[in-house]
Amino acid sequence: MTERIVLAYSGGLDTSVAIGWIQEATGAEVVAMAVDVGQGGEDLETIRQRALDCGAVEAYVADARDEFANEYCMPGLKANTLYMDAYPNVSALSRPVIVKHLVTAARKYGAKTVAHGCTGKGNDQVRFEVGITSLAPDMKCIAPVRDLALTREKAIEYAERNDLPIVTTKSNPFSIDQNVWGRAVETGFLEDIWNGPTKDVYDYTDDPTFPPPADEVTITFEKGIPVKIDGRDVTPLQAIEELNQRAGAQGIGRIDIVEDRLVGIKSREIYEAPGAMTLIAAHKELENITLEREQARFKRTVDQRWTEVVYDGQWFSELKGSLDAFIDDTQEYVNGEIRMELHGGRATVTGRRSESSLYDFGLATYDEGDTFDQSSARGFIDIYGLSSKQAAARDHKFGKGIRL
């Protein structure tokens, strides 16, 4: 029986070319597997047919849209995931669900080897291979694009020479990865970090310079998860999709960043994540009124570490599981409504309401109804500043006090 290799197939240049490379290098048959994570764009049947036209013996698409939204995007939302305080882990969140289906397909087709189309410069090679090792330590993983050190130009030439039905051409050099959580664009003229992005870079968002009238939206959360938009029940997938449309129309969620890749390279990336950035802003504000101060402070540290762990391809790690446990525990009272105005590239919170809110009007007000005992403040300050007072007195004693 001829050996089979299951390839994670996107329909783009690298994985289309990889089908032929794998067959030529190994003599194995290639089964192409695409995972629908809400990337939209081309019809998935077109992508499946392209894999067959490029030489795959079998090709299929796994519908993982709800799975991706529920089990990957929502943990990201609860962690307010923003790598380098800017990027909501668009690609990093999708890789583990693709890995899961890749390993499942390999078991189904009796393959002992899986393949991906990543280069040696990116983060995704780590995310795929560490994920595969975590789920199936007995499987071998190959990366024909990386291991043959083929440039994008050579890949395009190979595809044209073999009449492969690809979309990417020399006149359209961008590398694009997208899913329902967002869209990532790199390469081409964007690699010169002085060049500003042109209008053709964007697809999920409209130009915020001339926005339509402001759009007011109310998002209801239960335990950190969006369950209603403007009073209508929604699933996580529906919430992301609707806000992609509404926030995207206002130009919200455009990100231009030079980020630190896991492999040590600084890389310029353009991201669009209108739904994700709107949801994260709303979720963070709801946490502001429902999390106790010290819990909230520590959670910000945990959120950052969770984000780095996921970005670095450690979705299935013991550490991430432990961080998940803490984050999930903090979401018990993250229930309520956030009202936002979407307009001109900004998602601005204008109202918040929660039955589990820690905001106490009586304690906060400076007007009638004030219940705060101001006489307690003097003693609090004396105790709070005691250690600093003692240290300052010692400094003065030895002539090292702060000079005025």
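Source: prediction; values computed, not measured.
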Visitor: In chain order, what residues pass the ring-ring contact (aromatic ring centres under 6.0 Å, His included) check against Tyr333, with sequence neighbours excluded?
Guide: none
Visitor: Name every donor-acceptor pair, under 3.5 Å, that has one atom in a side chain of residues 217-226 and the other anywhere in the protein, sequence neighbours excluded.
Guide:
none

Visitor: Can a cation-pi geometry be assigned to Arg183 and Tyr271, taking NZ or CZ under 6.0 Å from the six-membered ring centre and within 45° of the ring axis?
Guide: no
Visitor: Tell me the side-chain hydrogen bond (donor to acceptor under 3.5 Å, both in side chains) pairs involving residues 377-391, sequence neighbours left out?
Guide: none
Visitor: Any pair with a residue in residues 231-270 that passes ring-ring contact (aromatic ring centres under 6.0 Å, His included), sequence neighbours left out, goes on the list, sorted by first then second residue, please.
Guide: none
Visitor: So do the side chains of Glu186 and Ile270 get within less than 4.5 Å of each other, counting heavy atoms only?
Guide: no
Visitor: Does a side chain donor of either Glu287 or Asn80 reach within less than 3.5 Å of an acceptor in the other side chain?
Guide: yes
Visitor: What residues form a side-chain hydrogen bond (donor to acceptor under 3.5 Å, both in side chains) with Trp315, not counting sequence neighbours?
Guide: none
Visitor: Cation over ring, Arg127 on Tyr311, under 6.0 Å and within 45°?
Guide: yes
Visitor: Taking atom types as modelled, find out whether Arg146 and Thr119 have a side-chain donor-acceptor pair closer than 3.5 angstrom.
Guide: no
Visitor: For residues 28-37, dump all side-chain donor-acceptor pairs below 3.5 Å to protein atoms at least two apart in sequence or in another chain.
Guide:
unit_1, atom_1, unit_2, atom_2, d
Glu29, OE1, Arg4, NE, 3.1
Asp36, OD1, Gly38, N, 2.9

Visitor: Between the side chains of Thr290 and Ser354, is a donor N or O closer than 3.5 angstrom to an acceptor N or O?
Guide: no
